[in-house]
Structures are given as structure tokens and as C-alpha cells.
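Beneath this line is the structure, given in C-alpha cells, with notes to follow.
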Amino acid sequence: MRKHIHFIKSKFWPTIAVIVALFVGAGVVFGSTLPNSWYQSRLAKSTHTNASGTATIASVAYKSNDASQSAYNKVKNAVVTVQNLQKSASLDDGADAFDSQNKNADTSSYQTASQGSGVVLNVRNGSADIITNYHVIEKSAEIQVVDANGDKATATILKSDPSQDLALIRVKSAAFKSVATLANSDKVTTGQSVLAIGSPLGAAYASTMTKGIVSQAKRTLTNSQTNYKQVTVIQTDASINQGNSGGALINEAGQVIGISSSKISASANNTNIEGMGFAIPSNQIAAFIK
């Protein structure tokens, strides 16, 4: 009997201790879930929130080393909007008003007929030389250039060649300071990353950047495709839209490898086409401006 009682005592107190420990542990867990508990206060401090529930700002700032961002920053201020101004035609002017432009007319009678892009290649003595497409300034009565900051200046044509779809224009303004660098387009390779910078849909979307690759480093477009003559261009899938013409196609070093000039949006059988843009190679541009 005594042995039996001793056995019960030897098992009783450990069992009681386990039960008590369970109750204490449960109490601690339950208490820590209460809003003003010590645990919740410590958690709030560890997640860096203040009394109003707003996250605090870390003292270490993040710096991006993205190659595309760096390239864009090198060129963005050298890419401008080129506006083709033509005489406003009215019914009283007759049909001839649509075919001829009076360059001596009051500029208040001009309106923006179309908009494209251009790239500043030289700045000297308070003037800037800008490369663009011929079709951007074709039939213009006046050419207006808008830089990345919104400054405007009237441009004159220095040189143009419809067969190459290139034109070199000049503005006399000290506001145009940034200059782009031409790369060697012979070193462009299929598959390399490229960025297109320009003003799709005009000045309202100036300095727009799109990204893609070189789809084909040297693509030959036939007479029937260009409606003029056979040309060799850089093909890219970077988005090129109306207004991008004359804008820059650059590599990740921030150098201009070509001037955006055209795209194919539909095939002969009216099939919609995406990602087929073309740029005039930078070596052809360098030869043109000499």
C-alpha cells in the first residue's frame, strides 16, 4: 500500500507541473496578441512604424545602375521635336493654297501640319545643327524646333536629300546645349539591346523612350517596300510610332546608332504587323552631314 502511495506521489507533482506550464504558456501567447501588449509594442518598433502607422524611411538611398537609364540620360536632352508649319488654308484661298506655301506670309497664319523628331549633333556659337528625316520637314513653310525643356526656335534647312530621307537643319538659339554622339553602325549586331527616343504623336510626348533589340543589323528594303529606292537599314522591334521619325535609336552606351525613319504596320494582304521599325544607320548620317 505504501509503495502504491509513493508511486502516485512520484507521478502527481510532475503531472501538475506540466499542466501549470501549459496554462502559463497559453496565457503568455494570448496576452501577446492583445493590442497594447509588450510583444505588439516590440513588433511595432522592429517594423519601423510610428504612432500614426506610417512607415519610416531608411537612411540608405537606392541607386540604380541600370544601363538603359544611364544611356537615356546621356541622350534625352539632345533629342528634340521638329514641327512642320504650313500655311493655314481656308475656302477663300482656293485650291492653290493647298499646293503652295508663301514663306513671306505672316507666321500667325501657319499651323502645325505634322510633327517629328530630331537629334542635335553639333552646338557652336549660339546655334545648333539637328539631323532629322526629310519627310518630317517636307513642304514646310517654316520649321519650329522644341527642345526637351520646351524652348522653341525657328530652324533653317542647311542640307536635304529626299533619296536618303535625311535633312540637316539649324536653329540659332543658346537654349540647345546637349549634343548626341554617333556610333559606328558597322559594329551594330543583331540581338543587341537598343532604345528609341523621340516624340511619338508630337511635343506632348517628347523624350519618350521605348526599348527593344536589333532585329536585323543590316536589312535591305526593296524599291517596292520604300516606294522610292532600295536602302539598307537597321531593323528593330523597339516601338516606333508617328512622330518618332528623325529621333534617335541608341545603344546602351548612349550613342546614336541610327535615326528612326519608318515602320511596317501592315502587310500587302492587310495583315497587322507589330515590332518592325527601321532606322537609317549612323554611318550614313555621318557621311551625309560632312
Side-chain angles (χ1 to χ4, degrees), residues 67-68 71-72 74-75 78-79 82 114-119 121 130-138 159-168 180-201 208-290:
S68 298
Y72 172 75
K74 289 180 181 178
V75 183
V79 180
V82 179
S114 61
Q115 298 188 72
S117 304
V119 182
L121 295 181
I130 301 164
I131 191 72
T132 187
N133 288 133
Y134 174 80
H135 75 261
V136 170
I137 55 93
E138 186 177 10
K159 187 178 183 180
S160 65
D161 186 349
S163 68
Q164 297 187 67
D165 195 19
L166 289 174
L168 186 66
T181 301
L182 294 178
N184 182 353
S185 55
D186 287 340
K187 294 184 178 181
V188 173
T189 59
T190 301
Q192 77 175 77
S193 295
V194 290
L195 311 169
I197 306 175
S199 305
L201 304 182
T208 293
M209 178 182 78
T210 56
K211 185 175 183 179
I213 62 169
V214 172
S215 304
Q216 186 56 244
K218 293 182 179 181
R219 173 70 68 192
T220 299
L221 298 182
T222 64
N223 302 31
S224 60
Q225 289 174 308
T226 64
N227 293 320
Y228 193 77
K229 70 170 189 174
Q230 182 172 299
V231 295
T232 299
V233 292
I234 299 171
Q235 181 183 338
T236 179
D237 68 346
S239 295
I240 294 176
N241 297 291
Q242 185 175 1
N244 272 114
S245 292
L249 185 68
I250 67 173
N251 57 26
E252 290 191 321
Q255 301 168 325
V256 177
I257 65 170
I259 295 296
S260 302
S261 60
S262 61
K263 64 180 291 186
I264 295 178
S265 57
S267 65
N269 58 359
N270 294 323
T271 301
N272 290 332
I273 305 297
E274 295 291 341
M276 290 190 69
F278 305 98
I280 300 170
S282 55
N283 285 2
Q284 182 177 339
I285 296 162
F288 170 76
I289 63 177
K290 282 184 178 180

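Residue numbers count from 1 along this sequence.
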Do you know which two heavy atoms are closest between [X] and [Y], and how far apart they sit?
X: Met209; Y: Ser68; result: SD-O, 4.3 Å
X: Val214; Y: Thr189; result: CB-O, 3.5 Å
X: Ala238; Y: Gly212; result: CB-N, 3.8 Å
X: Val75; Y: Ala180; result: CG1-CB, 4.4 Å

Could you walk me through whether Val194 and Gln192 pass side chain to side chain contact (heavy atoms under 4.5 Å, CB included), step by step? CA-CA 6 Å; Val194 290; Gln192 77 175 77; 4.3 Å; yes
Evaluate the side-chain proximity of [Y] to [X]: yes if any heavy-atom separation is below 4.5 Å, no if none is.
X: Ile289; Y: Lys159; answer: no
X: Leu121; Y: Ile285; answer: yes
X: Phe278; Y: Ile264; answer: yes

Kindly compute the distance separating [atom1] ([X]) from [atom2] ([Y]), expressed to the nearest 0.5 Å.
X: Thr132; Y: Ile130; atom1: OG1; atom2: CD1; result: 8.5 Å
X: Leu182; Y: Ile250; atom1: CG; atom2: CD1; result: 12.5 Å
X: Ile259; Y: Asn244; atom1: CD1; atom2: CG; result: 11.0 Å
X: Ser262; Y: Ile240; atom1: OG; atom2: CD1; result: 7.5 Å

Please identify each residue that fulfils side chain to side chain donor-acceptor pair (under 3.5 Å) with [X], with sequence neighbours left out.
X: Ser199; answer: Thr81
X: Gln284; answer: Gln164
X: Ser265; answer: none
X: Lys187; answer: none

Ignoring hydrogens and angles, tell me if any N or O in the side chain of Ser117 forms a donor-acceptor pair with the backbone of Gly246 under 3.5 Å. no
Can you name the residues that form a side-chain contact (heavy atoms from CB on, under 4.5 Å) with Asn272, not counting sequence neighbours? none
Intermediate values then yes/no, side chain to side chain contact (heavy atoms under 4.5 Å, CB included), Glu252 and Lys211: CA-CA 10 Å; Glu252 290 191 321; Lys211 185 175 183 179; 4.0 Å; yes
With Ile280, the side chain to side chain contact (heavy atoms under 4.5 Å, CB included) member among Ile131, Ile234, Leu249, Asn133: Asn133
side-chain hydrogen bond (donor to acceptor under 3.5 Å, both in side chains): pairs with one or both residues in residues 231-243, sequence neighbours excluded: Arg219-Gln235
Are Asp186 and Lys218 close enough, and set up right, to give a side chain to side chain contact (heavy atoms under 4.5 Å, CB included), and what steps lead you there? CA-CA 9 Å; Asp186 287 340; Lys218 293 182 179 181; 4.1 Å; yes
